[in-house]
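The structure appears below as structure tokens.
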Amino acid sequence: MATKTSITSTINGFITAIVTVTKVRNAFDTLLNNIYPTPILDTQATTNVATSLSANFEYSLQFTKTGRNIHVYGTIQNVSGSILGGVEDVLEITTSEFDPYTTYTLIGSNSNGNVEFSLNVDALTLVSSIGVDEIVVINQTYQSLN
């Protein structure tokens with residue numbers, strides 16, 4: 001993944017150097033990797049993009065960044081043993097290039113309907129409620145800060 005600044009820097013670095021086939025290929029590879037990124041899988045046990053903020057949830061989320069658009073797909077499960085409701089933080093985005101541009105409402109779905117989350121630079125927060133052992137599927141896109 002790369003931000004606009006890092007891509008521009010890469011291209012400018014190759015332009016000011018002696019141009020070779022390898023350098024041109026590397027510059028184009030940087031662009032192609034941003035246009036066709038490899039999805040990044042994250043769970044409560046990993047810290048590729050996010051860090052877990054609560055032992056009440058298990059999650060498996062795939063983040064795909066294309067330009068400033070970030071697509072999040074995966075599941076969040078209530079493993080607390082009780083119904084969770086109200087404002088409870090699930091995870092924090094810890095990789096700055098995945099920070100949201102503004103506060104977003106992400107809507108997940110489960111067997112009982114929709115579940116609402118709020119995503120800002122501090123956390124992904126449960127806004128509505130999730131029943132015991134319920135799994136919520138998230139399939140949403142948001143804009144990144146970088």
Side-chain angles (χ1 to χ4, degrees), residues 1-15 22-146:
M1 284 335 123
T3 61
K4 182 178 176 183
T5 303
S6 66
I7 292 172
T8 302
S9 175
T10 300
I11 292 170
N12 288 339
F14 293 130
I15 290 172
T22 301
K23 290 179 182 177
V24 171
R25 185 177 297 119
N26 288 342
F28 281 119
D29 280 345
T30 300
L31 288 172
L32 287 172
N33 289 336
N34 195 53
I35 295 169
Y36 298 100
T38 301
I40 299 171
L41 180 64
D42 210 336
T43 69
Q44 67 282 349
T46 62
T47 56
N48 297 318
V49 174
T51 299
S52 179
L53 294 176
S54 173
N56 291 333
F57 300 97
E58 288 185 356
Y59 59 88
S60 178
L61 297 173
Q62 181 176 288
F63 294 84
T64 306
K65 182 175 182 190
T66 306
R68 288 185 58 213
N69 292 323
I70 298 174
H71 187 78
V72 182
Y73 174 77
T75 60
I76 297 174
Q77 182 177 9
N78 172 0
V79 294
S80 71
S82 59
I83 296 172
L84 297 175
V87 179
E88 182 153 357
D89 291 340
V90 178
L91 58 88
E92 175 186 16
I93 303 292
T94 54
T95 304
S96 63
E97 71 181 273
F98 289 85
D99 282 344
Y101 176 74
T102 187
T103 299
Y104 290 93
T105 298
L106 301 183
I107 303 294
S109 59
N110 62 21
S111 58
N112 293 322
N114 292 335
V115 177
E116 185 177 338
F117 296 88
S118 176
L119 176 66
N120 61 38
V121 294
D122 295 324
L124 175 69
T125 304
L126 174 65
V127 177
S128 53
S129 64
I130 300 178
V132 178
D133 292 326
E134 246 182 337
I135 297 173
V136 177
V137 176
I138 292 183
N139 188 11
Q140 298 246 230
T141 300
Y142 69 92
Q143 294 261 305
S144 68
L145 186 59
N146 298 304

Side chains of [X] and [Y], heavy atoms from C-beta outward: is any pair under 4.5 Å?
X	Y	value
Ile76	Ile138	yes
Gln77	Asp133	yes
Gln44	Phe57	no
Thr75	Val136	no
Glu134	Asn112	yes

List the atom of [X], the atom of [Y], and the distance in Å for their closest heavy-atom pair.
X	Y	value
Leu84	Leu126	O-CD2, 3.8 Å
Pro39	Thr64	CB-OG1, 3.4 Å
Ala55	Val79	O-CG2, 3.5 Å
Gly81	Asn78	N-OD1, 4.2 Å

Straight-line distance of [X] [atom1] to [Y] [atom2], nearest 0.5 Å:
X	Y	atom1	atom2	answer
Glu88	Leu124	CD	CG	11.5 Å
Asp42	Ser60	CG	OG	8.5 Å
Ile70	Tyr104	CD1	OH	9.0 Å
Leu61	Gln140	CG	CD	12.0 Å
Leu145	Thr102	CG	OG1	10.0 Å
Ser129	Asn110	OG	CG	8.5 Å

Just checking Ile83: does its CD1 atom have more than 12 heavy atoms from other residues, nucleotides or ligands closer to it than 6.0 angstrom?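 Counting other residues, nucleotides and ligands, CD1 of Ile83 stays at 12 neighbours or fewer.
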
Would you find a donor on one side and an acceptor on the other, under 3.5 Å apart, between the side chain of [X] and the backbone of [Y]?
X	Y	answer
Asp89	Thr125	no
Asn48	Ile40	no
Ser54	Val90	no
Arg68	Ser144	yes
Lys65	Glu97	yes

Give every donor-acceptor pair under 3.5 Å between a side-chain atom in residues 113-123 and any protein atom, sequence neighbours left out.
| residue | atom | partner | partner atom | Å |
| --- | --- | --- | --- | --- |
| Asn120 | OD1 | Asp122 | N | 2.7 |
| Asn120 | OD1 | Ala123 | N | 3.0 |

Are Tyr142 and Val72 close enough, and set up right, to give a side-chain contact (heavy atoms from CB on, under 4.5 Å), and what steps lead you there? CA-CA 8 Å; Tyr142 69 92; Val72 182; 3.5 Å; yes

Check the orientation of Phe98 and Phe63. Use parallel for under 30°, tilted for 30 to 60°, and perpendicular for over 60°.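 Judged by the thresholds at 30° and 60°, the geometry between Phe98 and Phe63 is perpendicular.
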
In terms of side-chain heavy atoms, does Thr141 have a donor or acceptor partner in His71 at a distance below 3.5 Å?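 A pair is found: one side chain offers a donor N or O, the other an acceptor, under 3.5 Å apart.
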
